[in-house]
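Below is one structure; the comments refer to it alone.
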Amino acid sequence: MSNLTILRTYAQKAPETLPPSILFKQSAKNITIFDGYPKSIFHFLILPRIQEPLTADTLRSLPSLLKGDKEQAKSVIDAIAEDAKAVKKEIQEEMVERYGFKWDIWTGFHGVPSMEHLHLHVLSADLCSERMKNKKHYNSFHPKLGFFLHLNDVLSWFDAESSYFSNQIKNLKPSNYEPILKEPLACFHCRSEMKNIPSLKAHLQEEWDKLERRAKRPAPRKRKAPNAESQADNTEATGSKRAKSEAEEPETASGTI
DNA sequence: GTTCTAGAAC
DNA sequence: GTTCTAGAAC
């Protein structure tokens, strides 16, 4: 069912010929498909279609695209970004319909993808899925480890010095990224280290449950008197006391190797 | 990328 | 004895 070039065959075909179980949507330049082995509650792939001046070879991977014409590379990634924005919006709507709240969505490329043909991952920030089975799966999507190259970071390379741009390309090699996949299992919410996959999965589920509870907690009532600094709280259950969670940390751009 | 499974870890 | 990881796949 899935060989390592299956994505290229999807990108090559007329989108209309793809079954609805695979194709989520299409645009002039891309197709969006359901990830066959979703690692989060929502998980899609956006692939540039092989057409016009673009060749399968150019679109083989991020480095192959970036090593070619820079303006062409930029327009390919911009078009992917545009579709990613629309897909994110649809995911958010379905989050509300199915779960009653919204949580983060990540968009990015793998530093070293195992499947050929450029593909952007668009996935909900939970990593709660039956298919999330091993350390390699987990670390490849961990938002801070650096294996997952956030779309906005990749886009920013185009605005940097050209020496920086070429350095980023040069660094996109397996020897820089493979070691990341072997790093310890650290929760992406709170950084705590887990002994093994089963305990990590149980912990991630708890973290997600916590997000849900937090999102669904009734909003605290507004104070009406500007001077009323009194700490008197009506109920101990509402969240006015919760100062800041251990999970909250300033968002930093993912480190590059 | 997955599946399968030997043997390490507990 | 069972759980879990990690390397081979002809």
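Throughout, protein chains are lettered first and strands after them, A, B, ... in sequence-line order, and every chain is numbered starting at 1.
Exactly one of A/Phe42, A/Phe141, A/Phe188 qualifies for a ring-ring contact (aromatic ring centres under 6.0 Å, His included) with A/Trp106. That residue is A/Phe188.
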Given the rule that a pair is Watson-Crick or G-U wobble with both distances under 3.5 Å, how would you write DNA chain C in dot-bracket, using | for pairs to a different strand?
|||||||||.
Give the C-alpha distance, both sets of side-chain angles, the deciding distance and a yes or no for side chain to side chain donor-acceptor pair (under 3.5 Å) between A/Lys170 and A/Asn167.
CA-CA 5 Å; A/Lys170 200 174 61 187; A/Asn167 259 318; 3.2 Å; yes
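Legend: side-chain hydrogen bond (donor to acceptor under 3.5 Å, both in side chains) pairs involving residues 194-203 of chain A, not counting sequence neighbours, sorted by first then second residue: A/Asn196-A/Ser199, A/His203-A/Glu207. Residues in residues 45-57 of chain A take part in these side-chain hydrogen bond (donor to acceptor under 3.5 Å, both in side chains) pairs, two or more places apart or across chains: A/Thr55-A/Thr58, A/Asp57-A/Arg60.
In terms of modelled atom types and a separation under 3.5 Å, the side chain of A/His142 and the main chain of A/Lys144 share a donor-acceptor contact.
In this structure, the ring of A/Phe101 has its center less than 6.0 angstrom from the ring center of A/Trp208.
Applying a 4.0 Å cut-off to non-hydrogen atoms, the residues of residues 197-205 of chain A that approach DNA chain C are A/Ile197, A/Pro198, listed by residue number.
Salt-bridge formation is detected for the pair A/Lys216/A/Glu212: a Lys NZ or Arg NE/NH1/NH2 atom is positioned less than 4.0 Å from an Asp or Glu carboxylate oxygen.
Once you apply a 4.0 Å limit to the heavy atoms of chain A, the touched nucleotides of DNA chain C run 5' to 3' over C/dC4 to C/dT5.
Residues passing the side-chain hydrogen bond (donor to acceptor under 3.5 Å, both in side chains) test with A/Glu94 are A/Arg98, sequence neighbours excluded.
Side-chain polar atoms of A/Gln205 and A/Asp209 form a donor-acceptor pair below 3.5 angstrom.
Counting any heavy atom pair closer than 4.0 Å across all strands shown, A/His137 reaches sugar-phosphate atoms only and no base atom. Looking at heavy-atom distances under 4.0 Å, A/Lys135 makes no contact with the nucleic acid at all. Residue-level contact check: A/Lys195 touches neither bases nor backbone, having no heavy atom under 4.0 Å from any strand.
Heavy atoms from other residues, nucleotides or ligands lying under 6.0 Å from NZ of A/Lys102 number 12 at most.
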